[in-house]
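To start, the structure itself, in C-alpha cells.
In what follows, chains carry the letters A, B, and so on, assigned in the order in which the sequence lines appear, proteins first and then strands, with residues in each chain numbered from 1. In this text the structure is predicted, and so the values were computed from the model without any measurement.
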There are 2 protein chains.
Amino acid sequence: MKDKELTTEQKIKYVQDTLFVISGKWKLPILIAMNQGCYRFRDIQRSVLPITTRVLSRELKDLEENKLVIRTVYDAPKTVEYTVSPYCKSLKPLVDEMIKWGQNHRRKISGK
Amino acid sequence: MKDKELTTEQKIKYVQDTLFVISGKWKLPILIAMNQGCYRFRDIQRSVLPITTRVLSRELKDLEENKLVIRTVYDAPKTVEYTVSPYCKSLKPLVDEMIKWGQNHRRKISGK
DNA sequence: CTGTATCCATGATGATACTG
DNA sequence: CAGTATCATCATGGATACAG
C-alpha cells in the first residue's frame, strides 16, 4: 500500500482492472444516478435513459459482482432494492477526477 | 471552473467524455509506455504487446486527435516520433487514481 | 415491476499480407 | 521502420417480446 514502486506492467494491469470495472457506456452513469437517490430498478432505468432492461440488468449484476452495489429483496410486498455499497464510495475520488477532466477536456477540444 | 454545482446529467456527460477518450483496451497502456520513454512506433508496439500495427496506428491517431500525443516527422533520416503532449500530464491524477483503485480492488475481490 | 430470452446491428479488435 | 488494406471474429449494446 505504501509501495509506490510499481513496474510499468503492474501499473498497466491495475489500470486495466479499473477500466474493466467501470467502463462501458452505462456503469458510471448508473452509479451516479444511484447516488442521487434512485434505488428501484425502474427508477434507475428512467434516470439513465435510454437504457434497456436487458442492459440495465446485466450492468447491475456486474456492479454487484464487483461489490459496488447491493441488491436486496424484500417480501411483503415483494420489492427489490438496489443500493450503492459503502465500498462504492472508494470510487468517488476517481469519478470526481473524471468529471473534472472531462469538463476541462471538452473546453480543450471544442474551444480550440 | 469553480462551479461545483453540476447537474447529474452534466456529471454523466463529462464522465462519458472522459471514458470515451481513455477507454478501450490500449489507450492508457500506450500512454503509460510512452511516459516510460518509448517514442518510436516499433518501441511502443513492443512495450504494449500483443498489439497489432493496425490497432496501434488507430489508437495513436485517436490520441493525437485528443491532443494527448504529438506526432513528429523528421527528414534525414526519415523517422517518426511520438511524444506525449504537455496536456497529457493533466491525465496523471486520473491515471494515478486508477492505478491506486485497481490495486486496491484486486485485493478486495480476490482476497475476499 | 423486475427481470430473462432471442435476435440483430455495430464497433472494436485480431490475423495476415502488403506498401513506401 | 511506419504504416495501410482486407478480411475475420468477438464483445457490446439495442429492439422486442415475454415471464414471474
Side-chain angles (χ1 to χ4, degrees), chain A residues 12-13 15-34 37-66 68-84, chain B residues 12-13 15-34 36-66 68-85:
Chain A
I12 289 175
K13 185 184 64 176
V15 168
Q16 284 176 324
D17 282 355
T18 301
L19 273 178
F20 191 76
V21 173
I22 65 175
S23 76
K25 194 170 172 182
W26 301 112
K27 293 202 178 60
L28 252 6
I30 288 169
L31 289 179
I32 292 175
M34 289 181 70
C38 300
Y39 52 95
R40 301 294 300 277
F41 189 91
R42 198 86 174 95
D43 292 335
I44 299 169
Q45 186 181 17
R46 266 191 283 259
S47 299
V48 194
L49 239 46
I51 195 171
T52 63
T53 57
R54 176 189 182 283
V55 174
L56 178 56
S57 175
R58 237 201 135 337
E59 299 289 66
L60 286 172
K61 264 180 200 158
D62 288 348
L63 293 171
E64 201 187 345
E65 278 172 16
N66 281 303
L68 294 170
V69 318
I70 297 169
R71 180 178 181 275
T72 314
V73 182
Y74 299 99
D75 316 313
K78 198 195 175 202
T79 53
V80 180
E81 211 178 280
Y82 292 94
T83 54
V84 296
Chain B
I12 289 175
K13 185 184 64 176
V15 168
Q16 284 176 323
D17 282 355
T18 301
L19 274 178
F20 191 77
V21 173
I22 66 175
S23 76
K25 194 169 173 182
W26 301 113
K27 292 200 179 62
L28 252 5
I30 289 168
L31 290 179
I32 292 175
M34 289 181 71
Q36 237 67 20
C38 300
Y39 51 95
R40 304 291 301 275
F41 189 91
R42 199 86 174 91
D43 293 334
I44 299 169
Q45 186 182 16
R46 267 189 282 258
S47 299
V48 194
L49 240 46
I51 195 172
T52 63
T53 57
R54 177 188 181 283
V55 173
L56 178 55
S57 174
R58 232 197 139 336
E59 299 289 66
L60 285 171
K61 265 178 199 160
D62 286 349
L63 292 171
E64 201 187 346
E65 277 173 17
N66 281 303
L68 294 171
V69 318
I70 297 168
R71 180 178 183 276
T72 314
V73 181
Y74 299 99
D75 317 313
K78 200 199 173 199
T79 53
V80 180
E81 211 178 280
Y82 291 94
T83 53
V84 294
S85 71

### Query
For DNA chain D, what residues of residues 39-47 of chain A have any heavy atom nearer than 4.0 Å?
none
### Query
For Gln36(B), what residues pass the side chain to side chain donor-acceptor pair (under 3.5 Å) criterion, not counting sequence neighbours?
Thr8(A)
#### Entry: Near-strand residues of residues 73-85 of chain B, defined as heavy-atom separation under 4.0 angstrom from DNA chain D
Val80(B), Tyr82(B)
### Query
Does Leu28(B) reach the side chain of Leu31(B), with side-chain heavy atoms less than 4.5 Å apart?
yes
### Message
What does the B/S/- profile of nucleotides 11-20 of chain D look like, 5' to 3', with a 4.0 Å heavy-atom cutoff to protein?
### Response
--BBB-B---
### Task
Could you list all the salt bridge (charged side-chain N to carboxylate O under 4.0 Å, His left out) pairs where at least one residue sits in residues 70-84 of chain B, not counting sequence neighbours?
none
### Query
In Å and rounded to the nearest 0.5 Å, what is the OH to CE distance from Tyr39(A) to Met34(A)?
11.5 Å
### Query
Rounded to the nearest 0.5 Å, how far apart are CD1 of Ile22(A) and CG of Leu19(B)?
5.5 Å
### Query
Can you tell me how far the CH2 atom of Trp26(A) sits from the CD atom of Gln16(B), to the nearest 0.5 Å?
7.0 Å
### Summary
Span of DNA chain C engaged by chain A, first through last nucleotide within the 4.0 Å heavy-atom cut-off, is dC1(C) to dC7(C)
#### Entry: Contact check, side chains of Ile30(B) and Val69(B), non-hydrogen atoms, under 4.5 Å
no
### Task
Return the angle between end axes of the helix from dC1(C)-dG20(D) to dG20(C)-dC1(D), with five pairs used per end and rounding to 10°.
40°
Identify every side-chain donor-acceptor pair in residues 41-59 of chain B under 3.5 Å, counting partners at least two apart or on other chains, and give the distances.
| from | atom 1 | to | atom 2 | distance (Å) |
| --- | --- | --- | --- | --- |
| Arg42(B) | NH1 | Gln45(B) | OE1 | 3.0 |
| Gln45(B) | NE2 | Ile51(B) | O | 3.1 |
| Ser47(B) | OG | Asp43(B) | O | 3.0 |
| Thr52(B) | OG1 | Val55(B) | N | 3.4 |
| Arg58(B) | NH1 | Asp62(B) | OD1 | 3.4 |
| Glu59(B) | OE1 | Lys27(B) | NZ | 3.2 |

